[in-house]
Amino acid sequence: MKKDYSNSTFKDFENIPNLNLHEKAKEHQEYLNYLKNSDFMNYRLLVNSGCGPEIELEKNKKVDNYISFVSNDYLGFTQHPEVKKAVIRGIEKYGTGSGSSPLIGGYYSFHRELEDKLSVFFKRKKGSCLTYTTGYTANSATLLCLLKKEDIAIVDMAVHASVYEGLTGTTSKRFLHNDVESLERILKASKDNFRTKLVIIDGVYSQDGDLAKLDEIIDVTHKYNGLLMVDDAHGVGVIGKTGRGALEYFNLLEKVDFITGTFSKTFASIGGYVIADPEIISYLQFQSRQYAFSAAATPAVTGITKAIELLDEEPHWQKQLWENINYYKNGLLEIGLNIGSTNSAIIPVKIGNPQKNSEVGKILLENGIYTNPIMYPAVSLKDSRIRMSIMATHTKEQLDKALNVFDYISKKLEIVQTISSLK
């Protein structure tokens, strides 16, 4: 008898009781086949062009052009000619790889230049930055190194998966999303029970696009002698007068204990970083296993250094991004769609029902609009949504086309009524 996967999610296949490894993989494959046959497979689609607001996408062995809302290249710097030139120059001078880990021969002048550039960018003295080869590792490796069983991490329940992976060796507690009272209760209860109390939040949250209540959170954290780590991966380049993120917006750049982030968004590359006191950075250089025992980043990181400079040299990209964000948000609201409390380049259209969310994603793709249908476990079961990222390089014509398709979908599937009934 054929199984019904219509109410299944990827979470259901993480650990299936009584099934061995091969049986579990087979069951998972059946679910993937269901998604593909239902035309709900919006995952691992093959892109045949460069990152941008419009891409060539291969689906069912057919290549077409799609307007893309899946890229976090917010300022379009992956295609900026000066960033490309910087990468080419770096490769021509140093080659294509580092050849070793940073501790035993793989630490080059271009690594030092990038770290110094980031330290100054975040208003810290040189020596305040350590870079990793992924943004995920910047969180997970840093936390695995710094926090042990005698310590406690107190995390907003909406932080990234990389944070949770980094907490496997320590005590951890979650507080309700952006709920300062919930945070204070945990801090108060933990006051004298742990060596180090580290509160971990995002500057901009990756699913709702909302900002942390940074001013309130830092006050209550320091009130109870805690430290604060802010992952501002989605804020840098987007938020703040000069693009230095949510911390700049709240005037807290020099007051937060740890800043982490990624190069895969505004900085148009791959990798991640942590900003902290130089003594902490020095400790991580020798004690963080993922840093010490991984090959160092390639000379292509010279493009990141240029992207950092461009934030100050060409501020019009951030201005254009916000024109696009506001234009698109207003268009979705005029249709009557629920976009939550977003205040960033991440715009969710909240559908609620997972099955209907899949239908929306399918119709968007059929009409040349590539988005991310997000469902459980990335969000709660009844909070499925279409997640979109806006770029400075989106044209008004591209945004209008997407809005027209959403208008059609809202009437066809009665999306507005569905949202109203879930409130």
Side-chain angles (χ1 to χ4, degrees), residues 49-55 68 70-94 108-124 126 128-135 138 203-204 231-249 253 259-275 297-326 344-346 389-395 398:
S49 61
C51 181
E54 187 167 329
I55 58 173
S68 173
V70 303
S71 171
N72 296 320
D73 180 19
Y74 295 125
L75 302 183
F77 283 177
T78 64
Q79 305 305 318
H80 195 292
E82 293 303 316
V83 174
K84 290 181 178 181
K85 287 178 185 177
V87 172
I88 292 168
R89 285 195 299 267
I91 291 172
E92 287 179 339
K93 181 176 180 178
Y94 296 98
Y108 290 82
S109 55
F110 56 83
H111 294 126
R112 175 59 121 9
E113 183 182 7
L114 174 58
E115 291 168 351
D116 287 348
K117 185 75 71 174
L118 279 165
S119 296
V120 173
F121 179 82
F122 286 111
K123 310 297 183 184
R124 307 294 177 99
K126 292 180 180 179
S128 300
C129 175
L130 185 72
T131 60
Y132 289 90
T133 50
T134 71
V204 174
D231 176 356
D232 206 19
H234 292 278
V236 172
V238 179
I239 309 294
K241 185 178 180 180
T242 65
R244 281 154 173 81
L247 293 167
E248 181 181 42
Y249 178 82
L253 269 175
I259 305 169
T260 64
T262 180
F263 300 130
S264 62
K265 297 173 176 59
T266 290
F267 295 134
S269 187
I270 187 70
Y273 57 86
V274 56
I275 304 292
T298 75
V301 301
T302 49
I304 302 170
T305 303
K306 185 59 190 177
I308 295 169
E309 294 171 352
L310 285 172
L311 278 178
D312 291 329
E313 293 172 356
E314 299 183 1
H316 64 273
W317 293 113
Q318 187 185 5
K319 180 175 181 291
Q320 181 61 51
L321 173 62
W322 274 99
E323 287 181 7
N324 284 349
I325 291 169
N326 291 327
S344 67
I346 299 168
S389 295
I390 306 301
M391 298 174 63
T393 47
H394 275 121
T395 66
Q398 290 167 339

Hey, are the side chains of L253 and F121 touching, using non-hydrogen atoms and a 4.5 Å cut-off? no
Go through I91 and V87 one step at a time and tell me if the side chain to side chain contact (heavy atoms under 4.5 Å, CB included) criterion holds. CA-CA 6 Å; I91 291 172; V87 172; 3.9 Å; yes
So, T262 side chain and G271 main chain: donor-acceptor pair closer than 3.5 Å or not? yes
Between N324 and A392 (side chain of the first, backbone of the second, donor and acceptor by atom type, cut-off under 3.5 Å), is there such a pair? yes
Ignoring hydrogens and angles, tell me if any N or O in the side chain of H80 forms a donor-acceptor pair with the backbone of A307 under 3.5 Å. no
Please determine whether side chain to side chain contact (heavy atoms under 4.5 Å, CB included) holds for the pair F77 and I304, giving the CA-CA distance in whole Å, both sets of side-chain angles, and the decisive distance to 0.1 Å. CA-CA 9 Å; F77 283 177; I304 302 170; over 6 Å; no
Ignoring hydrogens, what is the shortest heavy-atom contact between P299 and G90? Give both atom names and the distance. CB-O, 3.6 Å
State whether a side-chain donor-acceptor pair under 3.5 Å links W317 with Q320. no
SB check K117 E309 (cutoff 4.0 Å): yes
Kindly indicate whether the side chain of R89, heavy atoms from C-beta on, has any atom under 4.5 Å from the side chain of K84. no
If I compare all heavy atoms of T266 with all of L75, which pair ends up nearest, and what's the gap? CG2-CD1, 3.9 Å
Does K306 offer a backbone N or O that forms a donor-acceptor pair with the side chain of E82 under 3.5 Å? no
Please check if the side chain of Q79 supplies one atom and the backbone of G50 the other of a donor-acceptor pair under 3.5 Å. no
Would you say M391 and Y74 make side-chain contact, with heavy atoms under 4.5 Å? no
Can you confirm whether H234 sits close enough to I346 that some side-chain heavy atom of one is under 4.5 Å from a side-chain heavy atom of the other? yes
Taking atom types as modelled, is there a side-chain donor on E54 or S68 under 3.5 Å from an acceptor on the other? no
Taking the side chain from Q398 and the backbone from T395, do they hold a donor-acceptor pair closer than 3.5 Å? yes
Out of curiosity, S264 OG to I270 CD1, how far, rounded to the nearest 0.5 Å? 5.5 Å
Would you say the side chain of F263 lies within less than 4.5 Å of the side chain of L114, judging by non-hydrogen atoms? yes
When every non-hydrogen atom of S389 is compared with those of N72, the smallest separation belongs to OG-OD1, 2.8 Å
Closest contact, heavy atoms only, S119 versus S128: OG-N, 3.3 Å
Look only at the side chain of E115 and the backbone of L130, and say whether a donor-acceptor pair between them is shorter than 3.5 Å. no
Under a 4.5 Å cut-off applied to non-hydrogen side-chain atoms, are I259 and L247 in contact? yes
Heavy-atom pair of closest approach, residues G235 and V204: CA-CG2, 3.7 Å
Between G203 and D232 the two heavy atoms that sit nearest each other are CA-OD1, 3.3 Å
Rounded to the nearest 0.5 angstrom, the CH2-OG distance for W322 and S344 is 6.5 Å
Heavy atoms from other residues, nucleotides or ligands near CZ of F110 exceed 12 (cutoff 6.0 Å): yes
Is K85 salt-bridged to E92, cutoff N-O under 4.0 Å? no
Does the cation-pi check pass for R244 over F122, that is, NZ or CZ under 6.0 Å from the six-membered ring centre and within 45° of its axis? no
Could you go through L310 and V83, starting from their C-alpha distance and side-chain angles, then the distance that decides it, and tell me whether this counts as side chain to side chain contact (heavy atoms under 4.5 Å, CB included)? CA-CA 9 Å; L310 285 172; V83 174; 3.6 Å; yes
Validation row: T298, T133 side chains within 4.5 angstrom (heavy atoms): no
Would you mind reporting whether L311 and F267 have side-chain heavy atoms less than 4.5 Å apart? yes
Would you call the rings of Y108 and Y94 parallel, tilted or perpendicular, where under 30° means parallel and over 60° means perpendicular? perpendicular
